Amino acid sequence: MSRTPLAPPSVPAAPATPAGDRAARRRPGVLLVGLLLLAVPAALALVVRRHPAAPPFQGADDRWLSWMGGPHDGPYALVASALNWFGGPAGIVVPLALLLFLLVRRRWVSAGFLLGVYLFGNMLVVQGLKYLVDRPRPAHPLVRVDHGSFPSGHAAGAALLVVLFGVLLVPAARRRLWWAGGALFTLAMMWSRTWLHAHWLSDTVAGAAAGAGAALLAWWLCGPALAREAGTGAASAV
């Protein structure tokens, strides 16, 4: 009597990972880019702090400022004035409007993320570096300015808001286009600060890197919570 061979035991298939779980994972690339960007203003601050009025790259800053000469009127003045308003105290209406929108939509985690990152990036990072370095501004700025030229708060705020809006409002599939447009907007803000003689070029570079880096680092930390709130992983890093 022949025996029927026994079938090998079946190995249970590994459970599929839901898309939301994959989206909720922290992406190391976001952390790496954020830290690299934050390293830029940190390194520049250490250099400038030794000689605030004449850092080693002052010659390049002077040369760029000479290219930003007059006449300061016409359409360039309109664009620079609008960007100056956007980055100044009156421009707080933009993040406040976003905060109100998130609260109305009951996106509590997103609202807390926005508030925390905006305060952290502007108050702690930017203002902390201003007091630490205390670099003199260019002579005869065309707009009202406060103390400390390094880093540019306008450039930092522009880059920070680009990341915040991209994380909280822009679908993941469209973020690459948003990042490109946001980079152009940040570059325009950097240009306007030097065209108005409110900052040195290196101030704007440090400011943009500080704002974007702080926002990306916060995104890496809070990404899983944002993705869980979104439900579909829309806050995942791309």
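Note that the structure is a prediction, hence the values are computed from the model and not measured. The figures that follow rest on heavy atoms only: side chains count, while hydrogens, waters and symmetry mates do not.
Among all heavy-atom pairs drawn from Leu37 and Ala212, the shortest one is CD1-CB, 3.8 Å. The heavy-atom pair separating Ala206 from Leu44 by the smallest distance is CB-CD1, 3.9 Å. Here the closest non-hydrogen pair linking Pro56 and Val47 is CD-CG1, 3.4 Å. Between Leu103 and Ala111, the shortest heavy-atom distance links the atoms CD2-CB, 3.7 Å. Looking at every heavy atom in both residues, Gly91 comes nearest to Pro95 through O-CD, 3.3 Å. Considering all non-hydrogen atoms of both residues, Arg193 and Val145 come closest at NH2-CG1, 4.5 Å.
Grouping the Ile, Leu, Val, Met, Phe, Trp and Tyr side chains by contacts below 4.5 angstrom, directly or via other members, places Leu100 apart from Leu164. Side-chain heavy atoms closer than 4.5 Å link hydrophobic residues (I, L, V, M, F, W, Y) into clusters, and following such links, even through other members, never connects Leu38 to Leu32. Under a hydrophobic-cluster definition in which Ile, Leu, Val, Met, Phe, Trp and Tyr are linked whenever side-chain heavy atoms come within less than 4.5 Å, directly or via other members, Leu31 and Leu36 are assigned to different clusters. Val126 and Met190 fall into different hydrophobic clusters, where Ile, Leu, Val, Met, Phe, Trp and Tyr side chains are chained together by heavy-atom contacts under 4.5 Å. The hydrophobic clustering, which links ILVMFWY residues whose side-chain heavy atoms are closer than 4.5 Å, places Leu83 and Leu160 together.
Residues Ser202 and Arg135 have side chains that bring a donor and an acceptor to within less than 3.5 angstrom of each other. Inspection of the Asp203 and Ser149 side chains reveals an N or O donor paired with an N or O acceptor under 3.5 Å.
Side chain of Trp219 to backbone of Gly34: no donor-acceptor contact under 3.5 angstrom is found.
Residues Asp134 and Leu132 have side chains not in contact (no heavy-atom distance under 4.5 Å, counting atoms from C-beta outward). The closest side-chain heavy-atom distance from Ser110 to Leu226 is below 4.5 Å. Under the 4.5 Å side-chain criterion, counting only non-hydrogen atoms from C-beta, Leu102 is not in contact with Trp108. The closest side-chain heavy-atom distance from Asn122 to Tyr118 is below 4.5 Å. At a threshold of 4.5 Å between non-hydrogen side-chain atoms, the residues Val48 and Phe57 count as touching.
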Could you go step by step and tell me if Phe165 and Val94 meet the side-chain contact (heavy atoms from CB on, under 4.5 Å) rule? CA-CA 10 Å; Phe165 272 79; Val94 177; 3.9 Å; yes
Walk me through whether Thr204 and Trp191 qualify under side-chain contact (heavy atoms from CB on, under 4.5 Å). CA-CA 8 Å; Thr204 64; Trp191 160 81; over 6 Å; no
Test log, rule side-chain contact (heavy atoms from CB on, under 4.5 Å), inputs Leu216 and Trp220: CA-CA 6 Å; Leu216 288 173; Trp220 179 80; over 6 Å; no
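Atom CD of Gln127 is separated from atom CG of Asp146 by 6.5 Å, given to the nearest 0.5 angstrom. Residue Leu161 holds its CG atom at 9.0 Å from CE of Met189, rounded to the nearest 0.5 Å. Between atom CG of residue Leu196 and atom NE2 of residue His154 there is a gap of 8.5 Å, rounded to the nearest 0.5 Å. In this structure, CZ in Arg174 is found 12.5 Å from CG in Leu169, a value given to the nearest 0.5 Å. Atom CG of Leu114 sits about 11.5 Å away from atom SG of Cys222, to the nearest 0.5 Å. Here the straight-line distance linking atom CZ of Arg107 with atom CG of Leu99 works out to 11.5 Å at 0.5 Å rounding.
The ring-ring contact (aromatic ring centres under 6.0 Å, His included) check on Phe86 picks up Phe185, with sequence neighbours excluded. Remark: His72 pairs with Trp195, His197 by the ring-ring contact (aromatic ring centres under 6.0 Å, His included) rule, at least two apart or across chains. For Trp64, the side chain to side chain contact (heavy atoms under 4.5 Å, CB included) partners two or more places apart in sequence, or in a different chain, are Trp67, Met68, Thr194, Leu201.
Atom CZ of Arg137 is surrounded by more than 12 heavy atoms from other residues, nucleotides or ligands within 6.0 Å.
Residues near Leu46 contribute nothing to a hydrophobic cluster around it, because no ILVMFWY side-chain heavy atom sits closer than 4.5 Å to its side chain. Hydrophobic clustering, defined by side-chain heavy atoms of Ile, Leu, Val, Met, Phe, Trp and Tyr closer than 4.5 Å, groups Leu65 together with Trp200. Cluster partners of Leu177, using a side-chain heavy-atom cutoff of under 4.5 Å among ILVMFWY residues and allowing indirect links: none.
Between His199 and Phe150, the distance from one ring center to the other does not fall under 6.0 angstrom.
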